[in-house]
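Contents: one structure, followed by commentary.
Chain letters run A, B, ... following the sequence lines, proteins first, then strands; residues in each count from 1. Computed over heavy atoms, backbone and side chain alike; hydrogens, waters and symmetry mates excluded.
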Amino acid sequence: MVGTGRWVVTSAWPYINTVPHLGNLIGSVLSADVFARFLRMFGEDVIFVSGSDEHGTVIEVEARKKGIEPKELTDSAHEYVVKLWKAWNISFDNYTRTENEVHKKYVRDLMLKIYERGFISRKDQVIPYCPNDKIYLPDRFIEGTCPYCGFEGARGDQCDNCGRLLEPHDLINPRCVFCGSKPEFRLRTHWFFRLDLLEGKILEWVLNHDMLDANVKNFTISWIKTTGLAPRSVTRDNRWGIPAPFPNSEDKTIYVWFDALLGYISATIEYLAKQGRENEWVNYWFNGSAKTAYFIGKDNIPFHAVILPAMLIASGDPYNLPTIISATEYLMYEGKKFSKSRRVGVWIDEALKIVDNPDYWRYALIRMRPEDKDTNFRWVEFVRFVNNELNDHIGNYINRTLNLIYRFFNAQVPNISTLDDEDREMLDLIDRSWSDYVNLMSRARIKAASEAIVKLGERGNQYLNRKSPWFKIKEDVESVKTTLYVSFLNSVTIALMLTPITPYSAAKLLDMMGIEEVKLSFGDKPSKFIKENHRIKKPTPIFSKIPQELAEVLIDEEKREKYLERIREQVNLERPEVLRY
RNA sequence: AGCGGGGUGGGGUAGCCAGGUUAGCCCGCGGGGCUCAUAACCCCGAGGUCGGUGGUUCAAAUCCACCCCCCGCUACCA
């Protein structure tokens with residue numbers, strides 16, 4: 001449970017050869033941001049880190065195609081993405097990159113430590129090499145004719161036509177996907193991380209972990225129990241990456257996966273060092289002194305539930321193993337997978353061109369967060385979340401409440417008078433919803449937690465309608481006082497719950513409600529913010545709807561595609577050269 | 001192919017793990033009400049037998065078996 005003070009919150013490091021799309025965002029960065037903000041709201045000491053993952057074959061080849069150095073490519077891509085995080089109001093303490101020196105040194109040191117402790121071994125492998133591009137090709141980067149079905153576009157790992165598993169040398173007429181030339185097969189030495197030696201420890205850790213989500217836990221247990229853990233290669237024949245630190249490994253780099261995972265720690269080190277707190281990072285990483293939370297997509301589970309803990313254990317240092325691994329399922333786009341090559345989906349720079357208030361996107365994305373299963377991003381749903389839920393049920397409800405207080409009681413929140421059953425029921429619901437919200441958020445069940453907000457908005461409207469204070473004010477002022485106090489408390493509760501999700505708007509709401517500083521402890525109730533003679537400011541609507549005309553365009557498939565086409569062209573021009581289509 | 005997750009009215013979902021009131025909720029749709037509020041809000045109604053088949057049971061959306069479909073991982077794509 002939360003409440004113990006110190007946290008490192010992280011999200012998977014975006015691979016920087018593309019702009020992230022909405023699915024990437026909800027799975028990692030946005031979820032992590034909401035969680036970090038939630039913890040900070042309760043006064044926890046949080047360091048929220050991530051960074052651009054910039055090494056690996058894909059970027060190396062991409063850069064070569066453009067005739068530039070990989071670093072030039074990642075420099076400008078990184079800069080652009082950093083701007084986008086600002087626009088999305090992501091509260092990183094340190095958004096860094098795998099090319100930073102602290103990181104490179106940290107990775108080399110840690111890998112060497114693992115090596116010295118006997119968890120790295122060497123083995124020779126036959127690897128395809130493109131003599132034209134002068135790179136070694138991962139399986140997926142070889143194409144050829146399938147020996148079983150004759151399909152010409154089969155890849156080195158599998159034939160997409162007949163589904164058979166292949167080895168690169170099975171292919172007839174193999175060719176490099178980048179340039180089409182025929183690869184050679186060369187014998188290379190590689191270094192392997194001995195996951196097999198850590199199998200027992202990982203299994204024990206997972207089995208005894210009571211905070212892991214079922215999808216993470218089940219996956220890991222079954223992986224270990226069915227196939228067991230095998231040594232995994234940690235080196236590559238790339239030039240673009242972190243040089244491997246092992247004896248005689250001068251021409252190798254560290255496989256990007258291992259590289260990027262260790263960024264969580266190096267980013268913490270870098271952050272604290274910049275503040276002149278060089279030695280304090282161990283207070284966030286060693287001896288159970290802090291909790292760590294990782295926000296990832298489901299494809300990332302093996303790396304965070306097995307490989308990362310394995311490396312931390314293998315180092316021999318007393319690292320904290322993951323407290324929370326929150327792995328979302330996938331966000332689909334109108335029934336299809338997001339796909340850069342097929343232009344299916346919406347990218348995070350495009351999104352803000354369509355609707356510029358990031359709070360609306362943040363709200364909608366959290367509401368459709370694929371917490372238990374794949375979820376569709378559908379534009380009708382997006383409009384519904386923003387217009388109907390956030391604007392009507394929540395925003396308008398708060399506006400009603402504040403207006404009534406402003407008009408009937410001259411901006412002063414009335415004290416509670418006598419309570420009837422309905423009042424008690426509402427107060428009880430507020431109470432329960434608040435604790436549900438806090439409990440669910442504490443376990444990173446963000447979407448589930450957000451349901452409490454909607455519920456309070458809906459029930460608040462019902463309550464107000466039944467109580468009809470605008471009618472009763474003429475005959476029963478005492479009951480109106482109670483109604484408006486209860487409704488105000490409900491509004492404050494909603495605003496607090498919105499704080500991590502829609503930070504700009506929630507801050508405006510709280511300000512309007514006369515609440516200046518939000519400092520909570522676990523166990524606190526929202527009522528603590530309602531002072532004696534509490535006064536509010538003149539209410540104005542905080543949320544507005546997506547305009548009718550735009551909503552119609554977005555919902556109609558044909559109109560939408562034309563519209564998105566224009567947006568894409570426009571956004572494309574604003575992107576740095578290296579990130580354009 | 002194996003493993004994991006999922007398939008609930010037009011859309012989105014809760015329930016299933018600890019089987020038992022007329023399968024709950026939101027949107028949409030039809031009808032009504034209210035007027036404090038952002039053409040908002042509230043109430044009523046139509047609409048589902050819970051992917052398919054078979055089984056266990058007095059009783060299954062909930063347990064078991066098989067099948068179909070979707071997603072992911074295994075598969076050095078980061």
Atom pair distance, as rounded to whole Å: [atom1] in [X] and [atom2] in [N]:
X        : N      : atom1 : atom2 : value
A/Ile307 : B/rC73 : CD1   : C1'   : 12 Å
A/Phe409 : B/rC36 : CZ    : P     : 15 Å
A/Ile301 : B/rC73 : CD1   : C1'   : 9 Å
A/Asn376 : B/rG11 : CG    : P     : 11 Å
A/Leu229 : B/rC3  : CG    : P     : 18 Å
A/Lys467 : B/rC43 : NZ    : C1'   : 17 Å
A/Tyr255 : B/rC76 : OH    : C1'   : 5 Å
A/Asn391 : B/rC41 : CG    : P     : 9 Å

Give me the distance, rounded to whole Å, that separates B/rG10 from B/rU56 when you measure between the P atoms they each carry.
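Rounded to whole Å, the distance is 32 Å.
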C1' atoms of B/rU21 and B/rC29, separation to the nearest Å:
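Here B/rU21 and B/rC29 have their C1' atoms 29 Å from each other.
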Which is true for [X] with a 4.0 Å heavy-atom rule: it touches a base, it touches only sugar-phosphate, or it touches nothing?
X        : answer
A/Gly297 : nothing
A/Thr401 : nothing
A/Arg236 : base
A/Tyr330 : sugar-phosphate
A/Thr375 : sugar-phosphate
A/Asp53  : base
A/Met332 : sugar-phosphate
A/Pro541 : base

Ring-face cation of A/Lys298 near A/Tyr330 (centre distance under 6.0 Å, axis angle within 45°)
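Yes - A/Lys298 lies over the ring of A/Tyr330, closer than 6.0 Å to its centre and within 45° of its axis.
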Donor-acceptor pair between A/Arg369 and A/Ser31 side chains, under 3.5 angstrom
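Checked: A/Arg369/A/Ser31 side chains pair up, N/O donor to acceptor below 3.5 Å.
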Would you kindly say whether A/Ser505 and A/Arg362 are connected by a side-chain donor-acceptor distance under 3.5 Å?
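No.
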Aromatic rings [X] and [Y]: how do their planes relate, parallel, tilted or perpendicular, breaks at 30° and 60°?
X        : Y        : value
A/Phe543 : A/Tyr360 : tilted
A/Tyr333 : A/Phe377 : parallel
A/Trp347 : A/His21  : perpendicular
A/Tyr255 : A/Phe258 : tilted

Which residues share a side chain to side chain contact (heavy atoms under 4.5 Å, CB included) with A/Thr96, sequence neighbours left out:
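Applying side chain to side chain contact (heavy atoms under 4.5 Å, CB included) to A/Thr96 gives A/Trp13, A/Asn94, A/Asn100, A/Ala267, A/Glu270.
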What I want to check is whether an N or O donor and acceptor connect the side chain of A/Arg400 with the base of B/rC41 at under 3.5 Å.
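Not at all, since no donor on one side and acceptor on the other fall under 3.5 Å apart.
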Applying the Watson-Crick and G-U criteria (both distances under 3.5 angstrom) with [ ] for crossing and | for other-strand pairs, one obtains for RNA chain B ((((((((.[[[[.)....(...]]]].(((((.......))))).....[[[[[..)....]]]]])))))))....
Applying the side chain to side chain contact (heavy atoms under 4.5 Å, CB included) test to A/Trp240, which of A/Thr253, A/Leu73, A/Thr74, A/Val61 qualifies?
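With A/Trp240 as partner, A/Thr253, A/Leu73, A/Thr74, A/Val61 yield a single side chain to side chain contact (heavy atoms under 4.5 Å, CB included), made by A/Thr74.
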Any protein N or O atoms within reach of nucleotides 24-33 of chain B? Criterion: under 3.5 Å, listing atom names and distances.
residue	atom	partner	partner atom	Å
B/rC27	OP1	A/His393	NE2	3.4

So A/Tyr129 and A/Phe185, ring pair (Phe, Tyr, Trp, His ring centres under 6.0 Å) or not? Walk me through it.
CA-CA 6 Å; A/Tyr129 175 81; A/Phe185 290 90; over 10 Å; no
